[in-house]
Q: 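Dumping the structure here so I can ask a few things about it.
What's counted below: heavy atoms across the whole structure, side chains too, no hydrogens, waters or symmetry copies.
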Amino acid sequence: MSVVLLVVGVVIGVAYIYHHIVVKGERCTSQAKLHGKTVIVTGSNTGIGKTTAIDLARRGARVILACRCKQRGEAALEEIKRESGSNQVVFMQLDLGSLKSVRTFAETFLKSEPRLDMLINNAGICLQGQTDDGFGLMFGVNHLGHFLLTNLLLDRMKECGPSRIINVSSMAHNFGNIDFDCLNTHKALGFGTSSIHVFKIYCDSKLCNVLFNHELAKRLRGTKVTCYALHPGAISSELGRNTSLFLQVILKPITTFFFKNTVQGCQTTLHCALQEGIEPLSGRYFSNCTVRNLFAKARDDAAARKLWEISERFCDLP
C-alpha cells in the first residue's frame, strides 16, 4: 500500500510541476501604456481574444472588437468595458468568412478611426464548411480573411508606425501541409468531415498563418511595421465548441488541468504586441514569450510567396 501511495504521490507531484511550470508558462512582463494607441483584435468576443482585449484596454488603448456575431460582440463589449474600466472599447462587426464583410469593415474603420497601431489577427475556427465566397471555411476564416484585412489596413499602419501585426497561429502548424493543387482547383485546403480530417485541415490553416507572417515580414522591410506569429499554448477555450458533446465532456478534466486558461494563453500575444526591442525579430515565431526556430516547411520562401500570390488572386487584390 505504501508503494502505491508513493507512486500516486509522485504522479500527482509531477502533474503539479507540469501544470505550474509548463502549462502556466511565462508571462508578458511589459509595463507599456497605450494611451493614444488604437488596436484591432479579431475574434475578441471570447477566449484569448477577449482577455487580450481586456489587458490592452487596461493599458489605455482604444480597442476595436472585430467579431462576427453582433449579439455576442456587444455582450463582450460590455464585459470588457467593465473588466478594464475603460470606455475606449468599440465593437465593429467583421465576418472573416466573407470577403465583402472584410472590405466593409476596413472601409468603415478607415473612415472612422484615424490611427491603427496594432492589428491582432486572433480569430480562428476548427470546423469544416464553406465561406460565403466558396472557400474552405478554415482556409477562408483562419487565413484568407486575415490576409485581406491586413492588406487593406497596411497603409494606415505604415502611416502610424512604429506599429505591429500579430498573427496567432499554433504549434499545430508543424503537422500541416499546403496542397496548392487543391487550393487552385477547389479553393480549399482539403476535404473530409471526420475528426482526423478536420484537425488536419486546421493544421494546414495554421501553417498558412506562419507562411503569411514569413512573407509579410519581407514585404514590410524598410517600413516601421513589424509582424510576429505565435503559438499561444494549448488553451482551455471555446475553439472546440463545435466538437461533439461527448468528446467535450471526456476532455474537460484534461483541458482544465493540463491546458492554459485564457489569461495564461494570451501572454505570448501580449509579449509580441508590447515587448520593447523585438523589432529585429520581425517575421519570427514565438511560443511561451520566447522566439522559437521553425521547421524548414514553415520558413519556405517559395511556398510563402506562392501562398501570398494565390491569396492575392482569391481576394482580387492588385
Q: Only counting residues at least two apart or in another chain, list the ones meeting side-chain contact (heavy atoms from CB on, under 4.5 Å) with Ser86.
A: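 Checked Ser86 against side-chain contact (heavy atoms from CB on, under 4.5 Å); matches are Ala57, Ser84, Gln88, Val89.
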Q: Among pairs that include at least one residue of residues 299-318, which meet ring pair (Phe, Tyr, Trp, His ring centres under 6.0 Å), considering only residues two or more places apart or in two chains?
A: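 Of all non-adjacent pairs touching residues 299-318, those that pass ring pair (Phe, Tyr, Trp, His ring centres under 6.0 Å) are Phe135-Phe314, Phe147-Trp308, Phe212-Trp308.
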Q: Would you mind listing the cluster partners of Ile196? Hydrophobic ones only (ILVMFWY), side-chain contacts under 4.5 Å, chaining allowed.
A: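 Ile196 shares its hydrophobic cluster with no other residue.
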Q: How about Ser44 and Thr52: do any of their side-chain heavy atoms sit closer than 4.5 Å?
A: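 No, too far: nothing below the 4.5 Å cut-off.
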Q: Is Phe295 reachable from Leu211 through a run of I, L, V, M, F, W or Y residues, each pair having side-chain heavy atoms under 4.5 Å apart?
A: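 Not linked; separate clusters.
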Q: Each residue besides Tyr285 in its hydrophobic cluster should be listed here, by chain and number; the cluster joins Ile, Leu, Val, Met, Phe, Trp and Tyr at side-chain heavy-atom distances under 4.5 Å.
A: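 Members besides Tyr285, by chain and number: Met171, Val210, Leu294.
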Q: Can you confirm whether Arg58 sits close enough to Glu83 that some side-chain heavy atom of one is under 4.5 Å from a side-chain heavy atom of the other?
A: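 The answer is yes, as the side chains (C-beta and beyond) meet within the 4.5 Å cut-off.
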Q: At their closest point, which heavy atom of Leu116 faces which heavy atom of Ser163, and how far apart are they?
A: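 Closest approach of Leu116 to Ser163: O-CB, 4.1 Å.
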Q: If two hydrophobic side chains count as joined below 4.5 Å and joins carry through other members, does Val263 share a cluster with Leu270?
A: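 Val263 and Leu270: separate clusters.
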Q: Any donor-acceptor pair under 3.5 Å linking the side chain of Ser30 with the backbone of Cys28?
A: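 Checked: no pair found.
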Q: Within a strict 4.5 Å, meaning less than it, do heavy atoms of the Leu154 and Thr223 side chains meet?
A: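 Heavy-atom side-chain distance check fails, nothing below 4.5 Å.
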Q: Could you tell me if the side chain of Met92 sits less than 4.5 Å from the side chain of Val90, heavy atoms only?
A: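 Yes - at least one pair of side-chain heavy atoms lies under 4.5 Å apart.
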Q: Find the distance between CG (Asn213) and CG (Asn209) and round it off to the nearest 0.5 Å.
A: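 Here the interatomic distance stands at 9.0 Å.
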Q: How would you list, by chain and number, every residue that makes a side chain to side chain donor-acceptor pair (under 3.5 Å) with Thr42, sequence neighbours excluded?
A: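 Side chain to side chain donor-acceptor pair (under 3.5 Å) list for Thr42, sorted by chain: His146.
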Q: State which residues pass side-chain contact (heavy atoms from CB on, under 4.5 Å) with Arg313; sequence neighbours excluded, sorted by chain then number.
A: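 If we apply the side-chain contact (heavy atoms from CB on, under 4.5 Å) test to Arg313, skipping adjacent residues, the hits are Asn184, Ile310.
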Q: Are Val168 and Phe175 connected in the hydrophobic side-chain network, where two residues link if heavy atoms are under 4.5 Å apart?
A: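 Different hydrophobic clusters.
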Q: Check this for me: does any side-chain nitrogen of one of Glu159 and Arg156 sit under 4.0 Å from a carboxylate oxygen of the other?
A: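 Yes.
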Q: Considering only residues two or more places apart or on different chains, which pairs with a residue in residues 86-129 satisfy ring pair (Phe, Tyr, Trp, His ring centres under 6.0 Å)?
A: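 Every pair satisfying ring pair (Phe, Tyr, Trp, His ring centres under 6.0 Å) with a residue in residues 86-129: there are none.
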Q: Take Lys70 and Glu74 through the test salt bridge (charged side-chain N to carboxylate O under 4.0 Å, His left out) and record every step on the way to the result.
A: CA-CA 6 Å; Lys70 187 172 186 290; Glu74 289 178 343; 2.8 Å; yes
Q: Would you give the length of the straight line joining atom CD of Gln267 to atom CZ of Arg27, rounded to the nearest 0.5 angstrom?
A: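 So the CD of Gln267 and the CZ of Arg27 are separated by 4.0 Å.
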Q: Taking the side chain as everything from C-beta on, heavy atoms only, tell me whether Ile178 gets closer than 4.5 Å to Leu307.
A: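 A side-chain contact under 4.5 Å exists here.
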Q: Holding to side-chain contact (heavy atoms from CB on, under 4.5 Å), I want the full list of residues that pass it with Glu279, two or more places apart in sequence or in another chain.
A: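 With sequence neighbours excluded, Glu279 shows a side-chain contact (heavy atoms from CB on, under 4.5 Å) to Arg164, Thr226, Tyr228, given in chain and number order.
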Q: Using side-chain contact (heavy atoms from CB on, under 4.5 Å) as the criterion, point out the one residue from Leu119, Thr150, Ile165 that pairs with Cys227.
A: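 That would be Ile165; it is the only one of Leu119, Thr150, Ile165 passing the side-chain contact (heavy atoms from CB on, under 4.5 Å) with Cys227.
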Q: Regarding Glu79 and Lys50, does a basic nitrogen lie under 4.0 Å from an acidic carboxylate oxygen?
A: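 Salt bridge between Glu79 and Lys50, a charged N being under 4.0 Å from a carboxylate O: yes.
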Q: Before you tell me yes or no, could you show the steps for Met118 and Ile166 under side chain to side chain contact (heavy atoms under 4.5 Å, CB included), namely the whole-Å CA-CA distance, both residues' side-chain angles and the distance that decides it to 0.1 Å?
A: CA-CA 8 Å; Met118 293 180 198; Ile166 316 301; 5.8 Å; no
Q: Taking ring-ring contact (aromatic ring centres under 6.0 Å, His included) as the test, write out the residues that go with His271, two or more places apart.
A: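 Listed in chain order: Phe286.
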Q: Who pairs with Asp179 by side-chain contact (heavy atoms from CB on, under 4.5 Å), at least two apart in sequence or on another chain?
A: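 With sequence neighbours excluded, Asp179 shows a side-chain contact (heavy atoms from CB on, under 4.5 Å) to Asp181, Cys182, given in chain and number order.
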Q: Can you name the residues that form a ring-ring contact (aromatic ring centres under 6.0 Å, His included) with Phe191, not counting sequence neighbours?
A: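 Checked Phe191 against ring-ring contact (aromatic ring centres under 6.0 Å, His included); matches are His186.
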Q: Identify, with sequence neighbours excluded, every residue that meets salt bridge (Lys or Arg N to Asp or Glu O under 4.0 Å) alongside Lys200.
A: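 Lys200: salt bridge (Lys or Arg N to Asp or Glu O under 4.0 Å) contacts with Asp204.
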